[in-house]
Amino acid sequence: MEGSSGLSMDSNTRITGSVSPLTPGPEEVMRYRSPLVSRYASREMAFNFSDSKKFQTWRRLWLWLAQAERSLGLPITEEQIQEMEANLENIDFKMAAEEEKRLRHDVMAHVHTFAHCCPKAAPVIHLGATSCYVGDNTDLIVLRDGFDLLLPKLARVLNRLADFAEKYAEMPTLGFTHYQPAQLTTVGKRACLWLQDLCMDLRNLERARNELRFRGVKGTTGTQASFLQLFDGDHDKVEELDRMVTSMAGFKRAYIVTGQTYSRKVDVEVVSVLASLGATVHKICTDIRLLANLKELEEPFEKEQIGSSAMPYKRNPMRSERCCSLARHLMTLIMNPLQTASVQWFERTLDDSANRRICLAEAFLTADIILSTLQNISEGLVVYPKVIERRIRQELPFMATENIIMAMVKNGGNRQDCHERIRVLSQQAGAVVKQEGGDNDLIFRIQSDSYFAPIHAHLEQLLDPKSFIGRAPQQVLKFLKEEVIPLLSPYQSKMDVKMELEL
C-alpha cells in the first residue's frame with residue numbers, strides 16, 4: 001500500500017494504543033463538541049481530520065506544485081522553494097480566520113496567510129491551480145490515510161477473534177435459528193461467522209483504499225487549460241507536471257478526467273465500505289449482547305465497573321451496546337454521499353462542500369471508534385462452559401430423538417412404532433418444561449420405558465453433544481488456515497497493539 005502524507009502528531013499527541021478523551025479547556029465546555037472526537041475517537045484519527053493536518057497538507061501541495069513547475073522550467077527559484085519548505089507548519093490560524101472572514105473564501109485566505117510568511121515565494125504560490133487542487137487532493141490524502149489507520153485495527157480484531165475461534169473450535173453450544181433452539185454448533189464456529197463478514201470488510205477496505213487515485217493538477221474545470229498556458233502549449237510538460245505531483249503525494253495514479261472536483265462517486269465507494277463494516281460490527285455485537293443475556297458469554301467487565309446506578313448486580317454489555325449505537329450512525333451516513341453525487345451539476349456545484357466536511361470525517365471517526373471498541377471486546381471475551389452445557393442438556397434430548405429412532409431400528413424396532421412412542425414422551429416432557437417450569441425429563445422417560453430397553457446402554461453415547469456438531473471443528477481450522485491467516489499476513493508487524501478503553 002503506497003502513500004503517506006508525511007504528517008504526524010507531535011510527541012504530546014501521539015497515541016500508544018489506548019482510546020482517551022481529549023481533556024476540554026474552560027471555553028470548550030461552554031459549546032457543543034462532537035462526542036466522536038471529545039469522547040471516543042483515537043487521537044490518530046482525530047488528528048487525521050484536524051485543521052492542522054488539513055492546512056499543512058495544503059501547504060505541502062503548494063510546495064509540490066512549485067517544485068514540479070520549477071523542474072519543468074518555470075521561473076521559480078530555489079530560494080522560493082526553501083522559503084515554502086521552512087513554513088509548512090508555521091500556520092497563523094488567527095490570521096487565516098480573519099482573512100476568510102474578509103474574503104469569504106477559505107483557500108484564498110490560506111494563500112494570503114502562507115504568502116505573508118513567505119514573501120519571496122508569494123508570487124508563485126497556487127500558480128495555475130484552482131481551489132480544488134488543494135481541497136480535493138487533501139481530501140484524497142486524508143481518506144487514504146484514514147484507511148491506513150483503520151486497516152491494522154480491523155486486522156487486529158480479526159486476529160483476536162481468530163484466536164478465540166481456534167480456542168473454542170470444539171466446544172459444543174446450542175445453535176439458534178429465529179432465536180429458537182436449533183442444531184448444535186460450536187462456540188468457535190459461531191465466531192467464524194463473525195470472522196467471515198470481517199474478512200469481507202477487510203478486503204473491501206483494502207480495495208477501496210487501493211483504488212483511490214489523486215485528483216492531480218487539473219485546473220478549473222478539469223481541462224488543465226491554465227497549465228497548458230503556463231507551459232506555452234506543451235502537452236507533455238502538463239502531463240509530466242500531473243504525474244510528478246501525483247507521485248510526490250504518494251499516489252501511483254491520478255484520475256485522467258475530472259470536472260472541477262474528482263467524481264463524488266468516489267465518496268460513495270469510500271463511505272459504502274465503512275457503512276458495510278458498521279453492519280458487520282452491529283451483528284457481532286448484537287450476538288454478544290444476546291449471549292450475555294443467556295449468561296453464556298460476556299464482554300470484559302472491569303473490577304470497579306458499575307453496570308447500573310440502581311441495580312448493583314448488573315453486568316451490562318455496555319461496550320457492545322456502544323458499538324451497536326455508533327454502527328447505526330455509521331450505516332446511515334451512506335445516504336449523504338449518495339445524494340451529493342446525484343445532485344452535482346455538470347463540472348461541479350458547491351452544495352457538496354458543507355455536507356462532505358461532516359459526513360466523510362464522521363464515517364472514519366465512527367469506524368475508528370467501533371473497531372477500537374470491538375478489539376477491546378475481542379481481547380477479553382469470557383465464555384461460561386457450565387452455562388452452555390446446562391442449556392444443551394435442556395434442549396439436546398429433543399434433538400436426539402432422530403438418533404434414538406435410528407438406533408432402535410438397528411436393534412430390530414419398528415420405525416413407525418418408535419416414532420409414535422417418542423412423540424408421546426416428547427409431548428409429556430415438553431409440558432413439564434413449559435407448563436410446570438421443570439427440567440426436560442425426556443431421557444428419564446425413555447430410560448423408564450421398557451420399549452427402549454435395547455438402547456438403554458447406548459443412551460449416553462447417543463447424547464454426546466460432540467456427536468451433534470458435525471464438521472464444525474474441521475470447518476473452523478480450515479477456514480482460519482485458508483482464509484483468515486493469509487489475509488492477515490501483511491499486518492503481522494502491527495498485531496501487538498492492545499486496546500484499553502478509558503471510557
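Numbers here are sequence positions counted from 1.
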*Asks:* Would you find a donor on one side and an acceptor on the other, under 3.5 Å apart, between the side chain of Q229 and the backbone of A225?
*Replies:* no
*Asks:* Taking the side chain from S378 and the backbone from L374, do they hold a donor-acceptor pair closer than 3.5 Å?
*Replies:*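 Checked: pair present.
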*Asks:* Has T130 got a side-chain atom pairing as donor or acceptor with T220's backbone, closer than 3.5 angstrom?
*Replies:*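 Absent.
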*Asks:* Against the six-membered ring of Y262, is R264 placed for a cation-pi contact (under 6.0 Å from the centre, within 45° of the normal)?
*Replies:* yes
*Asks:* Output yes when a side-chain donor or acceptor of N137 lies under 3.5 Å from a complementary backbone atom of R215, and no otherwise.
*Replies:*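 Yes, N137 side chain to R215 backbone: donor-acceptor pair under 3.5 Å.
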*Asks:* Say whether, by atom type as modelled, one donor and one acceptor occur between the side chain of Y255 and the main chain of L212 under 3.5 angstrom.
*Replies:*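 Not a single qualifying donor-acceptor pair exists.
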*Asks:* Tell me which pairs pass salt bridge (Lys or Arg N to Asp or Glu O under 4.0 Å) where either residue lies in residues 278-293, with sequence neighbours left out.
*Replies:*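 Found K283-D287.
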*Asks:* N87 versus E83: any side-chain heavy-atom pair under 4.5 Å?
*Replies:* yes
*Asks:* Considering residues at least two apart in sequence or located in another chain, which fulfil the ring pair (Phe, Tyr, Trp, His ring centres under 6.0 Å) criterion with F176?
*Replies:* Y179
*Asks:* List the steps, then state whether side-chain contact (heavy atoms from CB on, under 4.5 Å) holds for L202 with L487.
*Replies:* CA-CA 8 Å; L202 186 66; L487 199 59; 3.5 Å; yes
*Asks:* Is there a donor-acceptor pair under 3.5 Å between the side chain of E99 and the backbone N or O of M108?
*Replies:* no
*Asks:* Run the numbers on E89 and R60 for side-chain contact (heavy atoms from CB on, under 4.5 Å), then give the verdict.
*Replies:* CA-CA 9 Å; E89 299 178 12; R60 290 177 187 276; 4.0 Å; yes
*Asks:* Under the 3.5 angstrom rule, does the side chain of T366 hit a backbone N or O of E362 as a donor-acceptor pair?
*Replies:* yes
*Asks:* Between L65 and F227, is the side-chain contact (heavy atoms from CB on, under 4.5 Å) condition met? List the steps.
*Replies:* CA-CA 11 Å; L65 180 61; F227 296 102; 4.0 Å; yes
*Asks:* Does the pair I288 and I377 meet the rule for a side-chain contact (heavy atoms from CB on, under 4.5 Å), with working shown?
*Replies:* CA-CA 10 Å; I288 292 173; I377 293 170; 3.9 Å; yes
*Asks:* Hey, is the main chain of R319 close enough, under 3.5 Å, to the side chain of E299 for a donor-acceptor pair?
*Replies:* yes
*Asks:* Between F49 and F364, is the ring centroid distance below 6.0 Å?
*Replies:* yes
